[in-house]
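Reminder, nothing fancy here: chain letters follow the sequence lines and each chain counts from 1.
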Amino acid sequence: MIDIRIEIKHEIRKAFKKLYNYSCSLDSISIDDTPKNFEGFYTLIIFPHLKKLNSSPDEVGNSIGKYLIENTSIVSNYNIIKGFLNLDLSEKYIITLFNTIIKSKNWGINSTQDKEVMVEFSSPNTNKPLHLGHLRNIFLGDSISRIYNSCGYKTHKVQIINDRGIHICKSMVAWKNFGKNSSPDTNSIKGDKFVGDYYVMFEKEQKKQVKKLVEGGFDKDNAENNTPIMKEAIDLLKKWENKDKSTIELWRKMNNWVYDGFDKTYNILGVSFDKNYYESDTYLLGKKNIEEGVSKKIFYREDDGSVWVNLQKEGLDNKILLRSDGTSVYMTQDIGTAIKRFEDYPNIKKQVYTVGNEQDYHFKVLFKILEKLDYKWAKECYHLSYGMIDLPDGKMKSREGKVVDADDLIDHMIDTAKERTEQLGKIDDFDSSDLEGLYKKIALGALKYYLLRVDPKKKILFNPQESIDFHGNTGPFIQYTYARIKSIIRRADSLGLKYKDIDIENSVKLTVRHKKLINHIYTYPSVLNQAVENYSPALICQFLHDLSKLFNSFYQDEKIIDNIKNETTSFKIALSNLTSNTLYNGLSLLGIDVTEKM
RNA sequence: GCGUUAGUAGUUCAACUGGAUAGAACAUCAGAUUUCGGCUCUGACGGUUGAGGGUUCGAAUCCUUCCUAACGCACCA
């Protein structure tokens with residue numbers, strides 16, 4: 001596909017040369033979209049060139065405008081306002097664009113898969129169920145990997161599961177003490193919820209015991225590590241590290257409950273992973289890599305035995321890599337995991353870590369360390385950092401139990417979707433299993449879109465009312481537009497109207513709405529490129545919302561299947577069909593399903 | 001204290017990386033359906049872009065000083 005802007009830039013450069021004997025680079029020519037309230041599609045900004053041209057904006061605008069009309073087939077008209085030259089695209093050119101899109105079959109999709117990329121996301125701890133924060137992470141990571149995929153990359157979706165450490169031992173202790181051999185099955189609740197409840201139980205009991213100790217004269221910091229129940233947890237962690245059989249068994253059992261629960265949630269969300277990395281597998285690798293770094297003098301060992309890296313030259317600080325007792329810290333296993341991943345997949349061009357912005361500094365340090373260790377791929381590691389989610393009454397705090405549970409939220413969204421859809425009463429020809437699928441699609445469409453439409457870097461204020469809104473800039477609005485078009489297509493099919501593989505000739509009269517719609521669809525591939533470059537599904541949301549508005553406006557303005565049924569009718573159906581295909585493709589990159597009726 | 005990031009209509013978000021009169025959506029108000037799906041469309045209202053200073057043809061965007069908020073600066077994960 002040819003980028004329209006670049007094509008225009010080339011022509012303008014030629015015009016400058018020919019009319020003014022003025023040479024400039026393509027980059028110095030800036031072409032913008034023409035703002036809505038002015039006539040035209042693209043706008044040349046003349047100001048930057050005035051000095052060199054030694055002329056006035058009007059003069060330059062007129063001569064360039066005339067040149068483009070006479071010497072290219074792109075421009076049919078122009079107007080100049082101040083130093084801005086607004087260019088109208090010719091019908092002939094728009095028709096070329098239209099035919100290009102029609103012939104490409106899958107506009108915007110690059111299925112070469114000749115590059116590889118790894119995307120890490122989700123990566124939960126195993127002591128708590130997934131919450132709203134995870135959902136943003138999961139949707140982002142999943143969407144980014146889908147976007148990569150449609151831009152020609154083979155993608156590997158992975159997560160690192162924090163399955164080991166004091167947190168899971170806390171759940172284990174609580175279960176041993178209060179669990180009475182119960183299980184998710186006996187209590188008929190999801191496994192992750194089950195284990196999470198024991199974690200909460202631990203924290204409650206811990207609080208009680210700390211209070212007791214403090215009353216007995218302990219100072220607070222000391223008390224936290226000296227309660228009987230905490231001692232038990234620490235003891236369990238030691239046993240785990242020494243591979244105590246019954247401890248490992250319990251650990252495995254509880255983690256498996258959690259994985260069962262996670263799988264159910266992932267399943268509803270429609271996300272999956274190609275490979276899981278487990279901290280329990282990789283934390284020892286990191287230690288090995290660090291010892292090697294010490295012997296190469298990249299890291300240094302303090303007298304007490306702890307290992308550090310000095311990053312002051314890089315503008316950062318010193319960072320500990322191994323504790324004095326030889327145990328690993330977070331950074332340790334991240335180093336090991338990164339190295340292992342590039343060993344597992346030597347061809348990946350890029351590794352994307354989807355992790356919240358609270359860890360910006362951590363990843364800066366990690367990538368610097370990998371660079372110091374002389375891994376060439378270190379610069380291909382990218383931290384896809386995203387903002388936290390705030391609730392109307394403040395920040396989510398998982399330690400205080402102030403979280404929005406993922407499953408509860410989804411259930412609630414599905415209920416709302418059901419309620420609203422029933423009110424509309426357009427579902428007579430659905431059977432009950434269709435309906436269940438329909439509500440789920442709408443609910444998740446709303447939720448995914450709501451969390452993806454905001455620039456990842458920015459924090460999100462989660463407003464429960466707005467998140468389940470189906471009007472305006474929302475997922476269901478776009479799903480509705482799709483369903484609406486599909487209804488037209490069904491009708492066209494039943495009437496035997498032709499709209500596929502048509503070649504539009506000049507006999508079709510294009511309106512401004514047609515032209516805007518075609519131009520918009522034509523830019524889809526460049527939107528995808530931008531989305532990849534900026535790691536931003538939000539750009540796709542915006543594109544789809546604009547596309548839906550353009551279509552609905554066109555739909556309202558004129559009858560698509562009219563009585564005339566000539567080439568123009570075919571064209572309008574084809575344009576609708578093209579719109580629905582693009583909506584379908586775009587939504588699928590957000591992980592949002594469409595529905596033929598709703 | 002130091003560092004990072006942010007602050008835009010009443011609210012939630014945009015602004016093509018320095019371009020025009022800062023755009024959408026929600027909410028509010030006024031309209032549109034003998035019609036292919038009204039979860040739609042067309043308008044109106046709404047702004048000193050946190051504040052001041054600077055850079056230039058031109059600043060929400062770059063520099064600077066304040067103010068406010070979040071996060072980070074652990075032998076936590």
By nearest nucleotide on RNA chain B, pick out whichever of A:Asn79 and A:Asp546 is the more 5' one.
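The residue closer to the strand's 5' end, by nearest nucleotide, is A:Asn79.
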
Let me know, please, whether A:Asn357 or A:Asn534 comes out on the 5' side of the other along RNA chain B by nearest nucleotide.
A:Asn534

Hey, does [X] reach any base, or is it just sugar-phosphate, or nothing, if we go heavy atoms under 4.0 Å?
X: A:Lys457; result: nothing
X: A:Ser553; result: sugar-phosphate
X: A:Ala492; result: nothing
X: A:Ile488; result: sugar-phosphate
X: A:His545; result: sugar-phosphate
X: A:Leu322; result: nothing
X: A:Asn552; result: sugar-phosphate
X: A:Glu558; result: base
X: A:Glu596; result: base
X: A:Phe477; result: sugar-phosphate
X: A:Asp325; result: nothing

Do [X] side-chain and [N] base share a donor-acceptor contact under 3.5 Å?
X: A:Arg5; N: B:C16; result: yes
X: A:Thr43; N: B:A20; result: yes
X: A:Asn86; N: B:A20; result: yes

Specify the glycosidic conformation (syn or anti) of B:U11, with syn defined as within 90° of 0.
anti

Step-by-step salt bridge (Lys or Arg N to Asp or Glu O under 4.0 Å) determination, A:Glu224 to A:Lys207
CA-CA 8 Å; A:Glu224 307 233 317; A:Lys207 236 182 206 169; over 6 Å; no

One pair to check against side-chain contact (heavy atoms from CB on, under 4.5 Å): A:Met598 and A:Leu438. What are the steps and the verdict?
CA-CA 7 Å; A:Met598 68 188 279; A:Leu438 174 70; 3.8 Å; yes

Among [options], the one nearest [X] by side-chain distance:
X: A:Leu461; options: B:A25, B:G19, B:C13; answer: B:C13
X: A:Lys559; options: B:A77, B:A20, B:U35; answer: B:U35
X: A:Arg323; options: B:C16, B:G19, B:A77; answer: B:A77
X: A:Gln556; options: B:C26, B:C41, B:A77; answer: B:C41
X: A:Lys82; options: B:U21, B:A14, B:G19; answer: B:U21
X: A:Met598; options: B:G37, B:A20, B:C16; answer: B:G37
X: A:Ile561; options: B:C36, B:G19, B:C39; answer: B:C36
X: A:Thr421; options: B:U11, B:G37, B:C39; answer: B:C39
X: A:Tyr480; options: B:C57, B:G38, B:C13; answer: B:G38
X: A:Pro476; options: B:C39, B:G37, B:C26; answer: B:C39

OP1, OP2 of [N] versus side-chain N and O of [X]: anything below 4.0 Å?
X: A:Lys549; N: B:C41; result: no
X: A:Lys36; N: B:U21; result: no
X: A:Lys459; N: B:A69; result: no
X: A:Arg513; N: B:C41; result: no
X: A:Arg484; N: B:G38; result: yes
X: A:His471; N: B:U40; result: yes
X: A:Arg453; N: B:A14; result: no

For [N], give its Watson-Crick or G-U wobble partner with both distances under 3.5 Å, or none.
N: B:G47; answer: none
N: B:C71; answer: B:G3
N: B:U8; answer: none
N: B:C39; answer: none
N: B:A59; answer: none
N: B:C16; answer: none
N: B:U34; answer: none

Send over the distance from [X] [atom1] to [N] [atom2], rounded to a whole Å.
X: A:Asn473; N: B:A25; atom1: CG; atom2: P; result: 9 Å
X: A:Gln465; N: B:A27; atom1: CD; atom2: P; result: 12 Å
X: A:Phe363; N: B:C71; atom1: CZ; atom2: C1'; result: 15 Å
X: A:Asp32; N: B:U61; atom1: CG; atom2: P; result: 17 Å
X: A:Ile560; N: B:C41; atom1: CD1; atom2: C1'; result: 13 Å
X: A:Lys319; N: B:A77; atom1: NZ; atom2: P; result: 10 Å
X: A:Glu533; N: B:C16; atom1: CD; atom2: P; result: 14 Å
X: A:Ile540; N: B:C16; atom1: CD1; atom2: P; result: 18 Å

Going by an N to O cut-off under 4.0 Å, is there a salt bridge joining [X] and [Y]?
X: A:Glu291; Y: A:Arg301; result: yes
X: A:Glu558; Y: A:Arg513; result: no
X: A:Lys441; Y: A:Asp593; result: no
X: A:Lys9; Y: A:Asp27; result: no

With distance as the sole criterion, is a donor-acceptor pair present between the side chains of [X] and [Y] under 3.5 Å?
X: A:Thr354; Y: A:Asn137; result: no
X: A:Asp455; Y: A:Tyr386; result: no
X: A:Thr474; Y: A:Asp469; result: no

[N] base stacked by [X]? Criteria: ring centres under 5.5 Å, plane angle under 30°.
X: A:Phe84; N: B:A20; answer: yes
X: A:Phe47; N: B:G19; answer: yes
X: A:Phe38; N: B:A20; answer: yes

A:Arg164 to A:Tyr283, cation-pi by 6.0 Å centre distance and 45° axis angle:
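Yes, a cation-pi geometry holds between A:Arg164 and A:Tyr283.
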
